[in-house]
Amino acid sequence: MTLQAGISMIGVYRPDRIVSNAELAPGLNVNDEWIIRRTGITERRFAGPHETVTTMATKAADTALSAAEMRAELVDMVILATSTQLTQTPACAPAVAAELGCRHPAAFDISAGCSGYAHGIGQAAALINAGQADTILVIGSEKLSNNIDLEEPSVAPIFGDGAGAAIVTRVDSGHIRRTVWGSTGEHADLIRQEPTWEEFRADPTLVAPSLRMDGTAVFRWATATVPSLVRRIAEAGEIALSEVEVFIPHQANQRIIDSVVRELGWENQSVAIADDVRRSGNTSAAALPLAIDDLVNSARAKPGQLALQVSFGAGLSYAGQVFGLPKVA
């Protein structure tokens, strides 16, 4: 199949409210140093009561379309990755498409945890290359502050809110290469909702369902698995690791990123490494586009460079691809 699809533009939305470690630490009975040592995170953004998965996704997508000088009517599909939409029905994507003024596009949500955006990029590229679509919006939007226990040290310091949107369309260069994706369902319980909605309905006196994570086990899985996954993505993209100019790992934890970078031999600054997690926390499905925005706007990377992205999360699911770094709004 001839490669045609590429990412032409990325737009993001970051909530205004910055939540420092100093604000969170007292409720966790820890201090700022404890959080930084374990996560590398110094601050994150929390959305306000008026901000939702839908409104943040819409703003990120509108920013991308405006920067690309593209009319919403040209979008024929909206793929939205999220695990924090509070209503299971209807999906979020059709509402976003309507708010943007798209002309009745195909619109659906992906629930693949933190790897949802990379799954969406893979689906969008395949659909365009197959002639099933021309222009697709792939959006990751999360309001994790709704889904975490602010007194639980394994999750509260890690997660943040935000949204990122990519315009995927036919391009002349910088094509999205073959996606590598998969899952290890035998580890599905490492990142989970607890209690389940069924358990909560049976006993409303239980605490409301929230995100739970076995952080140590996830750390071990990621540091052992992601380096080999990156090598598979490079091979699928028909490039050598030495050709990668920009690396966008899932922004789960700075310690995981540092370990992966060391294993790949990229710690000598020969490759631009995304580290938006330090200031944004882990924004799940929104993490990759937010990290690209940070890299380009900080001038540590530039559009057109050869990039490799990889993400992983609940499931445990994973996905990634090689592509040309896009412009950012």
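This one's a predicted model, so the numbers in the text were calculated from it and none came from an experiment.
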Peer 1: In plain terms, say whether D149 and R212 are close enough for a salt bridge, that is, a side-chain N and a carboxylate O under 4.0 Å apart.
Peer 2: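 Salt bridge flag = yes for R212 with D149.
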Peer 1: Side-chain contact test, heavy atoms from C-beta onward, threshold under 4.5 Å: evaluate it for L86 versus N147 and give yes or no.
Peer 2: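 Contact flag for L86/N147 side chains = yes.
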Peer 1: Rounded to the nearest 0.5 Å, how far apart are OG1 of T58 and CE of M56?
Peer 2: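 So the OG1 of T58 and the CE of M56 are separated by 10.5 Å.
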Peer 1: How many angstroms lie between CD1 in I36 and CG in N31, if you round to the nearest 0.5 Å?
Peer 2: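 Atom-to-atom, I36:CD1 and N31:CG are 9.0 Å apart.
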Peer 1: I need the T135 OG1 to E73 CD distance, nearest 0.5 Å.
Peer 2: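 Result: 12.0 Å between the selected atoms.
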Peer 1: Tell me, with the steps shown, if T184 and E186 meet side-chain hydrogen bond (donor to acceptor under 3.5 Å, both in side chains).
Peer 2: CA-CA 5 Å; T184 54; E186 61 270 27; 5.1 Å; no
Peer 1: Mind checking the CG-CZ spacing from L190 to F219? Nearest 0.5 Å is all I need.
Peer 2: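 So the gap between those two atoms works out to 14.5 Å.
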Peer 1: Show the atom names and distances, to 0.1 Å, of all donor-acceptor pairs under 3.5 Å that link a side chain in residues 95-114 to residues at least two apart or in another chain.
Peer 2:
{"from": "D109", "atom 1": "OD1", "to": "C92", "atom 2": "N", "distance (Å)": "3.3"}
{"from": "D109", "atom 1": "OD1", "to": "A93", "atom 2": "N", "distance (Å)": "2.8"}
{"from": "D109", "atom 1": "OD2", "to": "C92", "atom 2": "N", "distance (Å)": "2.7"}

Peer 1: One pair to check against side chain to side chain contact (heavy atoms under 4.5 Å, CB included): V78 and I139. What are the steps and the verdict?
Peer 2: CA-CA 8 Å; V78 177; I139 308 170; 4.0 Å; yes
Peer 1: Using modelled atom types only, decide if a donor and an acceptor are shared between the side chain of K143 and the backbone of G48 within a distance under 3.5 Å.
Peer 2: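 At least one qualifying donor-acceptor pair exists.
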Peer 1: Going by heavy atoms in the side chains, are I167 and L137 under 4.5 Å from each other?
Peer 2: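 Yes - at least one pair of side-chain heavy atoms lies under 4.5 Å apart.
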Peer 1: Count I, L, V, M, F, W, Y as connected when their side-chain heavy atoms are under 4.5 Å apart, and connections chain through other members. Are V218 and F159 then in the same cluster?
Peer 2: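 Yes, because V218 and F159 connect within a single hydrophobic cluster, where side-chain heavy atoms sit under 4.5 Å apart.
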Peer 1: Could you state the interatomic distance from OG1 (T84) to CG (L211), rounded to the nearest 0.5 Å?
Peer 2: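 T84 atom OG1 to L211 atom CG measures 10.0 Å (nearest 0.5 Å).
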Peer 1: Group every Ile, Leu, Val, Met, Phe, Trp and Tyr by side-chain heavy-atom contacts under 4.5 Å, then state whether I79 and F323 land in the same group.
Peer 2: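 Both belong to a single hydrophobic cluster.
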Peer 1: Using a 3.5 Å distance criterion without hydrogens, assess whether the side chain of N21 forms a donor-acceptor pair with backbone atoms of I35.
Peer 2: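 It does not hold such a pair.
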Peer 1: Please find the pair of heavy atoms, one from A291 and one from Q251, that lie closest to each other, and give the distance.
Peer 2: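 That closest heavy-atom pairing would be CB-CG, 4.0 Å.
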Peer 1: Without swapping roles, check the side chain of N129 against the backbone of L3 for a donor-acceptor pair under 3.5 Å.
Peer 2: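 The answer is no, because no donor-acceptor pair under 3.5 Å joins these two groups.
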Peer 1: Search all heavy atoms of I256 against all heavy atoms of A222 and return the closest pair with its distance.
Peer 2: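 Distance-wise, the nearest heavy atoms are CG2-CB, 3.8 Å.
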Peer 1: For the residue pair I292 and Q309, establish whether any side-chain heavy-atom pair is separated by less than 4.5 Å.
Peer 2: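 Side chain of I292 against side chain of Q309, heavy atoms only: contact under 4.5 Å found.
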Peer 1: Using a 4.5 Å cut-off on heavy atoms from C-beta on, say whether the side chain of I148 contacts that of F46.
Peer 2: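 The answer is yes; the side chains approach within 4.5 Å.
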Peer 1: Looking only at heavy atoms, what is the nearest atom pair of D32 and A22, with distance?
Peer 2: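 Distance-wise, the nearest heavy atoms are OD1-N, 4.4 Å.
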Peer 1: Near R38 CZ, under 6.0 Å, is it more than 12 heavy atoms from other residues, nucleotides or ligands?
Peer 2: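 Yes.
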Peer 1: Heavy atoms, side chains only, cut-off 4.5 Å: are V328 and L295 in contact?
Peer 2: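 Answer no - side chains too far apart.
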Peer 1: Between S66 and T63, is there a donor-acceptor pair closer than 3.5 Å when you use the side chain of the first and the backbone of the second?
Peer 2: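 Side chain of S66 to backbone of T63, a donor-acceptor pair under 3.5 Å: no, none is there.
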Peer 1: Would you indicate whether the side-chain heavy atoms of W266 and L241 approach each other to under 4.5 Å?
Peer 2: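 Result yes, sub-4.5 Å side-chain heavy-atom pair found.
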Peer 1: When you measure from the side chain of Q193 to the backbone N and O of P195, does any donor-acceptor pair fall under 3.5 Å?
Peer 2: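 Flag set: sc Q193 to bb P195 pair under 3.5 Å.
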Peer 1: Is there a side-chain contact between R45 and I18, using heavy atoms and a 4.5 Å cut-off?
Peer 2: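 Result yes, sub-4.5 Å side-chain heavy-atom pair found.
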Peer 1: Report the C-alpha separation of F247 and V260 in whole Å, then their side-chain angles, then the decisive distance to 0.1 Å, and conclude whether the side chain to side chain contact (heavy atoms under 4.5 Å, CB included) test is met.
Peer 2: CA-CA 11 Å; F247 179 43; V260 170; 4.1 Å; yes
Peer 1: Does atom CZ of R170 have more than 12 heavy-atom neighbours from other groups under 6.0 Å away?
Peer 2: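 Yes, enclosed.
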Peer 1: For the residue pair V180 and L229, establish whether any side-chain heavy-atom pair is separated by less than 4.5 Å.
Peer 2: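 With C-beta onward as the side chain, the pair touches.
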Peer 1: Provide the closest heavy-atom pair for I41 versus P157 in the form atom of the first, atom of the second, distance.
Peer 2: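 I41 and P157 have their closest heavy atoms at CD1-O, 3.8 Å.
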Peer 1: Linking I/L/V/M/F/W/Y whenever any side-chain heavy atoms sit under 4.5 Å apart, do L316 and V310 land together?
Peer 2: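 Yes, L316 and V310 fall within the same hydrophobic cluster.
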Peer 1: Can you tell me how far apart CZ (R220) and NE2 (H187) are? Round to the nearest 0.5 Å.
Peer 2: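 The distance works out to 12.5 Å.
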Peer 1: Do the side-chain N and O atoms of D161 and S145 include a donor-acceptor pair separated by under 3.5 angstrom?
Peer 2: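 Checked: D161/S145 side chains pair up, N/O donor to acceptor below 3.5 Å.
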Peer 1: For the residue pair R177 and Q321, what are the closest heavy atoms and their distance?
Peer 2: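 Between these two residues, the closest heavy atoms are O-CB, 3.9 Å.
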Peer 1: Verify, without hydrogens or angle tests, whether S115 (side chain) and A118 (backbone) share a donor-acceptor contact under 3.5 angstrom.
Peer 2: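 Judged by distance alone, no pair lies under 3.5 Å.
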Peer 1: Can you hop from V168 to M9 via hydrophobic side chains spaced under 4.5 Å?
Peer 2: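 Each belongs to a different hydrophobic cluster.
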Peer 1: Identify the two heavy atoms, one from T223 and one from S259, that lie closest to each other, and give their separation to 0.1 Å.
Peer 2: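 Heavy atoms only, the tightest pair is CG2-OG, 3.5 Å.
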Peer 1: Do M70 and I10 sit in the same hydrophobic cluster, where Ile, Leu, Val, Met, Phe, Trp and Tyr count as joined when their side-chain heavy atoms come under 4.5 Å apart?
Peer 2: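 No, no single cluster joins them.
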Peer 1: Step through the shown structure and confirm whether more than 12 heavy atoms of other residues, nucleotides or ligands are within 6.0 Å of CZ on R192.
Peer 2: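 Yes, enclosed.
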Peer 1: Might you confirm whether atom CD of E23 has over 12 heavy atoms from other residues, nucleotides or ligands at distances under 6.0 Å?
Peer 2: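 Enclosed.
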Peer 1: Throw together a table of side-chain donor-acceptor distances under 3.5 angstrom for residues 272-289, partners on residues two or more places apart or in other chains.
Peer 2:
{"from": "D275", "atom 1": "OD1", "to": "R279", "atom 2": "NH2", "distance (Å)": "3.2"}
{"from": "D275", "atom 1": "OD1", "to": "R300", "atom 2": "NH1", "distance (Å)": "3.1"}
{"from": "D275", "atom 1": "OD1", "to": "R300", "atom 2": "NH2", "distance (Å)": "3.2"}
{"from": "D275", "atom 1": "OD2", "to": "R278", "atom 2": "NE", "distance (Å)": "3.4"}
{"from": "D276", "atom 1": "OD1", "to": "S280", "atom 2": "OG", "distance (Å)": "3.2"}
{"from": "D276", "atom 1": "OD2", "to": "R14", "atom 2": "NH1", "distance (Å)": "3.3"}
{"from": "D276", "atom 1": "OD2", "to": "S280", "atom 2": "OG", "distance (Å)": "2.9"}
{"from": "R279", "atom 1": "NH2", "to": "D275", "atom 2": "O", "distance (Å)": "3.4"}
{"from": "R279", "atom 1": "NH2", "to": "D294", "atom 2": "OD2", "distance (Å)": "3.1"}
{"from": "S280", "atom 1": "OG", "to": "R14", "atom 2": "NH1", "distance (Å)": "2.9"}
{"from": "N282", "atom 1": "OD1", "to": "H250", "atom 2": "NE2", "distance (Å)": "3.4"}
{"from": "N282", "atom 1": "OD1", "to": "S284", "atom 2": "N", "distance (Å)": "2.8"}
{"from": "T283", "atom 1": "OG1", "to": "A287", "atom 2": "N", "distance (Å)": "3.2"}
{"from": "S284", "atom 1": "OG", "to": "E142", "atom 2": "OE2", "distance (Å)": "3.1"}

Peer 1: Show, in sequence, the C-alpha distance, side-chain angles and deciding distance for Q85 and T54, and conclude whether the side chain to side chain contact (heavy atoms under 4.5 Å, CB included) test is met.
Peer 2: CA-CA 8 Å; Q85 171 76 337; T54 302; 4.0 Å; yes
Peer 1: Kindly determine whether S8 and T169 satisfy side-chain hydrogen bond (donor to acceptor under 3.5 Å, both in side chains), including the steps that lead there.
Peer 2: CA-CA 7 Å; S8 63; T169 189; over 6 Å; no
Peer 1: Please check if the number of heavy atoms outside D203 that lie under 6.0 Å from its CG is greater than 12.
Peer 2: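 Yes, CG of D203 has more than 12 neighbouring heavy atoms, counting only those of other groups under 6.0 Å.
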Peer 1: Could you tell me whether E51 and R17 have a side-chain N and a carboxylate O separated by less than 4.0 Å?
Peer 2: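 No salt bridge links E51 with R17.
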Peer 1: So for atom CD, which belongs to E151, do other residues, nucleotides or ligands contribute more than 12 heavy atoms lying within a distance under 6.0 Å?
Peer 2: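 At most 12 heavy atoms, drawn from other residues, nucleotides or ligands, come within 6.0 Å of this atom.
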Peer 1: Given E152 and S210, is the side chain to side chain contact (heavy atoms under 4.5 Å, CB included) satisfied, shown in steps?
Peer 2: CA-CA 10 Å; E152 174 50 61; S210 63; over 6 Å; no
